[in-house]
Asker: 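Have a look at this one.
Both counts, for ligands and for their atoms, begin at 1 and track the order of listing. Throughout, residue positions are numbered sequentially from 1 according to the sequence presented. Remember, it's a predicted structure, so these values are computed and weren't measured experimentally.
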Amino acid sequence: MTKLSETVLEIDLGALEHNYHFLRAKLSPTTKFMGIVKAFGYGSDPLIIAKRLESLKVDALAVAYVSEGVYLRKAGIKLPILVLHPQLANFDLLMEHCLEPSIYSARVLRSFHQAALNAGQKEYPVHLKFNTGLNRLGFWENDVAHIAKELKGSEVLKIKGIFSHLAASEDAAEKVFTRGQIEGFKKIVKKVESALGLVEIKHLLNTSGILNYPEAQWDMVRSGIGLYGYGNDPIIDPLLKPVVSLKTIISQIHTIEPNESVGYNRAYRSEGYRTTATLPLGHADGIGRQYGNGRAWVIIQGKKAPIIGNVCMDMLMIDISGIDCKEGDEVIVFGKGQSAEAFAAYAHTISYELITGISSRVKRVYK
Ligand SMILES: *Cc1c(COP(=O)(O)O)cnc(C)c1O
């Protein structure tokens, strides 16, 4: 690696490949694998990730919204792309780019059926989403009859998939609840297939589902966070590799006398002589104020330095007293050296929120 000259989010595609093979090995060879690249590829770069997943021969991709799928199509991604939460206003755009919608309610079904009919579609592939306990999006089991009624005699849509989403697959204390969701999904699959005929792809598991309930893998799994290097599990995490690392450099070093303050609102007060460093990274980059005032630590020369005072928009300050370092030296915020999971925990949040929140101002570099 050449010497850093600014704040970067380093993207390690070798790590992505490692994580993919790790997860793939937990599954039957015939189970399909859907890579989740929503939310800017979990904050990394959706196109670079999608291209690598395509070359690794994953079977499909998923995004949350139509615009995310359109971006990938325009850049030449050919894999099937499931849109998990399409909005009614974008159905024409969705079909224009051969994206597959998740159909999760009577309103969405009616509206998409009509839009596909108007567009002259035949057997347009859709996935029916069922609610088995997350209570977020999805039909209920007893909606199957009216789905069948809506689609009866119509060749406009093809039910390519049926799926549901687990609410607590990472949580060992919720095994009974999760097994209930798996049983519920089994019943729904039976009901749908007896009303509408066989469905090619039944899918339920996210990353923690793959790790904890592989018996429920059906025809395909949907993995996001595991591909990016986090397994929501202290036993699994060391076996995965972080895809993104947030790194920065020291802009300036100050020596602070006793009873001085650092930063806005004078939130940090020095008790003795301290050495502080200012970093070109702030809440506008995705490191929020909740990480300030001694709660989070960064790594410099292999040593931990606390973030002191209030995080500013474009900068933050750390206490480097006793650490042998100089202006221009590299600082690791998270990734290799300190996991995003561990850094996120300082602010009582999770790796997902931290990594998807790194703003577009931070330059993406590739390894
Ligand atoms: C985001 C998402 C996933 C991926 O979950 P991970 O925990 O990141 O593997 C899978 N399915 C649905 C419906 C999602 O919204």
Asker: So if I only count non-hydrogen atoms and take anything under 4.0 Å from ligand 1, which residues does that give, chain by chain?
Answerer: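 Only Ile36, Lys38, Tyr42, Leu84, Arg136, His165, Asn206, Thr207, Arg222, Ser223, Gly224, Ile225, Tyr352 have heavy atoms that fall under 4.0 Å of ligand 1, ordered by chain and number.
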Asker: Tell me whether Asn310 contacts the main-chain N or O of Tyr264 through its side chain, where contact means a donor paired with an acceptor under 3.5 Å.
Answerer: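 Yes; judged by distance alone, with no hydrogens or angles, the pair exists.
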Asker: For a side-chain contact (heavy atoms from CB on, under 4.5 Å) check, start with the C-alpha distance between Ile318 and Ile308, then their side-chain angles and the critical distance, and finish with the verdict.
Answerer: CA-CA 5 Å; Ile318 59 176; Ile308 56 170; 5.7 Å; no
Asker: Are Ile355 and Leu13 connected in a single hydrophobic cluster, I mean Ile/Leu/Val/Met/Phe/Trp/Tyr linked by side-chain heavy atoms less than 4.5 Å apart?
Answerer: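 Looking at the clustering, Ile355 is in the same group as Leu13.
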Asker: Considering only NZ, NE, NH1 and NH2 on the basic side and carboxylate oxygens on the acidic side, decide whether Lys158 and Glu200 come within less than 4.0 Å.
Answerer: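 A salt bridge is present here (some side-chain N lies under 4.0 Å from a carboxylate O).
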Asker: Is it possible for you to say whether Leu151 and Ile188 belong to one hydrophobic cluster, with membership spreading through side-chain heavy-atom contacts below 4.5 Å?
Answerer: yes
Asker: Answer yes or no: is there an ion pair linking Glu17 with Arg52, defined by an N-O contact shorter than 4.0 Å?
Answerer: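 The answer is yes: the pair qualifies as a salt bridge.
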